[in-house]
Amino acid sequence: MDHATLRQHFYRQLTEQYLQGELQSLYHWCVQEIEGWGRAEAYTRNENAVAPASLQRWEEVIERLGKHEPVQYIFGKAYFHGLALSVDPSVLIPRPETEELVAMVLKDHAATRLRVLDVGTGSGCIALALKNARKNWQVEGVDVSTAALATARRNASELQLDVAFREADLRDELDFTGYDVLISNPPYIPTGVEDSMDKSVLEFEPHLALFAPKEDPPYFLRRVAEIGEKCGVSDVYLETHATEEETLVTNLKSAWSGSIAVKHDLAGRPRFLHLERNK
Ligand SMILES: C[S@@+](CC[C@H](N)C(=O)[O-])C[C@H]1O[C@@H](n2cnc3c(N)ncnc32)[C@H](O)[C@@H]1O
């Protein structure tokens, strides 16, 4: 079989599960990972025969994609803010919106030396991206998941970034004294919306990373604000899917005495909160 035929086979097998644009992007992920070819090269290789070992890998990947397994888990890799990170099912796949949260912190704090804590760090994506951009900052990450922390540490080591990760549970009394900034993309999806979620998210990503407590969806967002308030941090940056931002701001007012600003993502949706201590 040549590569042109393999590409047709790939599209045909997955056409019911994915839109055309998604398929193109998935095909290019696979061709990069399996053959080591970028986009342009892939198109010059149409007549090349597919090696038997590659063909077996392609068939395995097509089968896994057919079951909606995220391509990032299949190849164990995700890209975030210019970094290639190892990922596995113990960590959320870093999202492009979270890159915007990182960009916001970097824009607000140019050069001054800061101590920053990423709360609910998962793969370590936020902490590592911040450290990569601001080598003079002291950046650390915490998470309740031991498995996620192992992945975050592996990423720090592979990227040679000096970020320490440790275990902490937001449900406990925590002391984050000494940090200037807390940043967090905590679990915030209310249970009960599972029917509207993509199979690839619901069936493959860790529920510990996705879902907030049923009876109190803003719980983790409020906990980060509360701990930041108690420990005297100057800023807290939060990601959420604040469809009801006014309710959320009201909820956070019980936890944070300073200002609370709702920020929008590039698609114009209210998605981030910047909590700033009164000067
Ligand atoms: C939405 S994920 C964010 C991961 C990563 N920061 C990112 O942006 O891709 C939320 C993270 O919070 C962690 N988490 C869940 N419950 C927690 C708790 N009680 N205390 C601390 N971290 C918790 C999860 O393990 C997960 O890694």
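Whatever order the structure lists ligands and atoms in, that order sets their numbers, starting from 1. Residue numbers start at 1 and run along the sequence shown.
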Quiz item: Which heavy atom of the protein is the closest neighbour of atom 3 (C) of ligand 1, given with residue, atom name and distance?
Solution: Asn185 O, 3.1 Å
Quiz item: Charged N to carboxylate O below 4.0 Å: is that the case for Glu226 and Lys230?
Solution: no
Practice problem: Any atoms of ligand 1 less than 4.0 Å from a non-hydrogen atom of Leu92? List them with their elements. | Solution: 1 (C), 9 (O)
Quiz prompt | atom 23 (C) of ligand 1: nearest protein contact (heavy atom, Å) | solution = Val144 CG1, 3.5 Å
Quiz item: Are any of the heavy atoms in Ser123 under 4.0 Å away from ligand 1?
Solution: no
Quiz item: At the 4.0 Å heavy-atom cut-off, does Pro187 count as touching ligand 1?
Solution: yes
Quiz item: Quick one: nearest non-hydrogen protein atom to atom 12 (O) of ligand 1, plus distance?
Solution: Gly120 CA, 3.5 Å
Exercise. List the closest protein heavy-atom neighbour of atom 25 (O) of ligand 1: residue, atom name, distance to the nearest 0.1 Å.
Key: Asp143 OD1, 2.7 Å
Quiz item: Does the side chain of Glu239 pick up a donor-acceptor pair with the side chain of Thr98 at under 3.5 Å?
Solution: yes
Quiz prompt | Interfacing atoms of ligand 1 (cut-off 4.0 Å, heavy-atom, Phe220) | solution = 16 (N), 18 (C), 19 (N)
Quiz prompt | Verdict with reasoning, Trp29 to Tyr79, per ring-ring contact (aromatic ring centres under 6.0 Å, His included) | solution = CA-CA 11 Å; Trp29 259 90; Tyr79 296 94; 5.7 Å; yes
Quiz item: Which residue and non-hydrogen atom of the protein lie closest to atom 5 (C) of ligand 1, and at what distance in Å?
Solution: Thr121 O, 3.3 Å
Exercise. Could you tell me whether Arg222 and Asp216 have a side-chain N and a carboxylate O separated by less than 4.0 Å?
Key: yes
Quiz item: Under 4.0 Å from any heavy atom of Arg171, which atoms of ligand 1 are there?
Solution: 19 (N)
Quiz item: Taking atom types as modelled and ignoring hydrogens, do the side chains of Glu140 and Gln138 form a donor-acceptor contact shorter than 3.5 angstrom?
Solution: yes
Quiz item: To which of Val102, Leu149, Leu208 does the heavy atom nearest atom 15 (C) of ligand 1 belong?
Solution: Leu208
Exercise. Specify the protein heavy atom at minimum distance from atom 1 (C) of ligand 1: its residue, its atom name, and the distance to 0.1 Å.
Key: Ala209 O, 3.0 Å
Self-check item: Those atoms of ligand 1 less than 4.0 Å from some heavy atom in Thr98
Solution: 8 (O)
Quiz prompt | Minimum non-hydrogen distance to atom 7 (C) of ligand 1, winning option of Pro186, Cys125, Gly122 | solution = Cys125
Quiz item: To the nearest 0.1 Å, how far is atom 20 (N) of ligand 1 from its closest protein heavy atom, and which atom is that?
Solution: Leu170 N, 2.9 Å
Quiz item: Hey, does Glu35 have a side-chain heavy atom less than 4.5 Å from the side chain of Asn48?
Solution: no
Exercise. Give me the other members of the hydrophobic cluster that Ile93 sits in, counting Ile, Leu, Val, Met, Phe, Trp and Tyr linked by side-chain heavy atoms under 4.5 Å, directly or via other members.
Key: Tyr73, Val87, Val91, Phe204
Quiz item: Linking I/L/V/M/F/W/Y whenever any side-chain heavy atoms sit under 4.5 Å apart, do Leu174 and Leu252 land together?
Solution: yes
Quiz item: Tell me, which pairs form a side chain to side chain donor-acceptor pair (under 3.5 Å) where one or both residues lie in residues 202-215, sequence neighbours left out?
Solution: Arg95-Glu205
Quiz item: For ligand 1, which atoms, with element, lie under 4.0 Å from some heavy atom of Asp169?
Solution: 18 (C), 19 (N), 20 (N)
Quiz item: Stepwise, does the salt bridge (charged side-chain N to carboxylate O under 4.0 Å, His left out) test hold for Arg269 with Glu97?
Solution: CA-CA 10 Å; Arg269 292 169 299 207; Glu97 293 83 358; 3.7 Å; yes
Self-check item: Atom indices of ligand 1, in the order listed, that fall short of 4.0 Å to a heavy atom of Ala168
Solution: 20 (N), 21 (C)
Practice problem: For residues Ile260 and Lys253, determine if any side-chain heavy atom of one lies less than 4.5 Å from a side-chain heavy atom of the other. | Solution: yes
